[in-house]
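In the text below, chain A, chain B and the rest are named by the order of the sequence lines, each starting its count at 1.
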2 protein chains.
Amino acid sequence: MLDDVDKRLLRTLQRNGQITAQELGEVLGLSASQAGRRRQRLEAEGLITHYAAQIDPEPLGLSIQAFVQVHLGTHGPEAARDISRLIHSRTEITSAWTMTGEADYLLRVWTPDLKALHRLIHDVLLPHPAVARVQSQIVMDQLKTDAPLPL
Amino acid sequence: MLDDVDKRLLRTLQRNGQITAQELGEVLGLSASQAGRRRQRLEAEGLITHYAAQIDPEPLGLSIQAFVQVHLGTHGPEAARDISRLIHSRTEITSAWTMTGEADYLLRVWTPDLKALHRLIHDVLLPHPAVARVQSQIVMDQLKTDAPLPL
DNA sequence: GGTGAAATCTACCTAGG
DNA sequence: CCTAGGTAGATTTCACC
């Protein structure tokens, strides 16, 4: 399984996916070859799924970030498949979850302005036959932003 | 500003942050040197903030993902600073937002089990003097997972 | 858009517990 | 036998043309 060095390695790579094996070795107290080998092992085991560039949304004109809760009227497998297709077809929905409790779906959404958010709600989500109610909350401030997973 | 090639480049790098300039050029229909140069420009302009390894939470024992809504009783700058410190001190809180509407804070949380989630709520959040009420929803299924930003 | 020097990765090899 | 460290050929980047 994972020892303490592996965990520190994962923490480091979450913060900097481009660190060289040399530097990684210095951080972990290993040689470059050992550090590289551990990284390869964790990649092969699927613990590291991939590497991603992190983009600043502001200069792209994505000013509005919101969470949208969707309540269904009709449940059942057809409606679920249908909603799933809808969610995957809209690029402004970047994440979607099903939850315990109140709402059936929670969507994380990025749009250039309020108008685009309202269009998503009123022209895309609400017209869907299975959707009963939609409730959106707009992000005012992101206090803590996509921190590394706790290891 | 950003042209269409830049946007495709950002989309590509969000999916694969380790792609070589050679491959990137093939995807974009550019030479390797031009592709690498565009990437450098977007990094220098701060559009690409950094690169991060993406970790699979399951094998790490992070089985529970939840969203926690925090309602404050006392508002004001002191309480806000205090809560902010609290949020940043807990590694199981990976993201935090202030929102319009109902709740004052929305927290995204990862824990190994329900016990740890309940400890966070009852031993960390609720005892805080400014916190009035806490409401948590546990993620059952992640339908769409951290898709690239819509460009 | 192309090129070459410098840096980096990684497969292979050797040493030690 | 398993884990750690070193080395050299192949690959990639990036400053310059």
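- Computed from coordinates, the A:Gln34 CD to C:dG16 P distance equals 15 Å when rounded to whole Å.
- The listed nucleotides are C:dG2, D:dG5, D:dT13; the one nearest the side chain of B:Ser33 is C:dG2.
- Contact annotation for A:Arg41: no contact, since no heavy-atom pair falls under 4.0 Å across all strands.
- Salt bridge status for A:Asp82 with A:Arg85: present, with a side-chain N to carboxylate O gap under 4.0 Å.
- Residues B:Asp56 and A:Gly46 share a closest heavy-atom pair of CB-O, 3.7 Å.
- Going from atom CD of A:Gln18 over to atom P of C:dA7 covers 17 Å, rounded to whole Å.
- Using a 4.0 Å cut-off between a side-chain N of Lys or Arg and a carboxylate O of Asp or Glu, B:Arg11 and B:Asp6 do not qualify as a salt bridge.
- If you take CZ of A:Arg37 and P of C:dT10, they are 12 Å apart, rounded to a whole angstrom.
- B:Ser31 comes within contact range of the sugar-phosphate backbone alone, with a heavy-atom separation under 4.0 Å but no base atom that close.
- Of the candidates D:dA4, D:dC16, C:dC9, C:dC9 carries the atom nearest the A:Ala21 side chain, counting heavy atoms from C-beta on.
- Residue B:His118 holds its NE2 atom at 5.5 Å from CD1 of B:Ile121, rounded to the nearest 0.5 Å.
- Considering only side-chain N and O atoms, B:Arg39 lies under 4.0 angstrom from the phosphate OP1 or OP2 of D:dT13.
- One can place CG of B:Leu30 at 11 Å from C1' of C:dG1, the figure rounded to the nearest angstrom.
- An OP1 or OP2 oxygen of D:dC14 is reached within less than 4.0 angstrom by a side-chain nitrogen or oxygen of B:Gln40.
- With values rounded to the nearest 0.5 angstrom, B:Leu13 atom CG is found 12.5 Å from B:Arg8 atom CZ.
- In this structure, the CD atom of A:Glu23 is 13 Å from the P atom of C:dA7, given to the nearest Å.
- In this structure, B:Ile19 places its CD1 atom 17 Å from P of D:dT11, rounding to the nearest Å.
- Between the OH atom of B:Tyr51 and the P atom of C:dT8 there is a distance of 16 Å, rounded to whole Å.
- Per the geometry, CG belonging to B:Leu24 stands 9 Å off P belonging to D:dT13, to the nearest Å.
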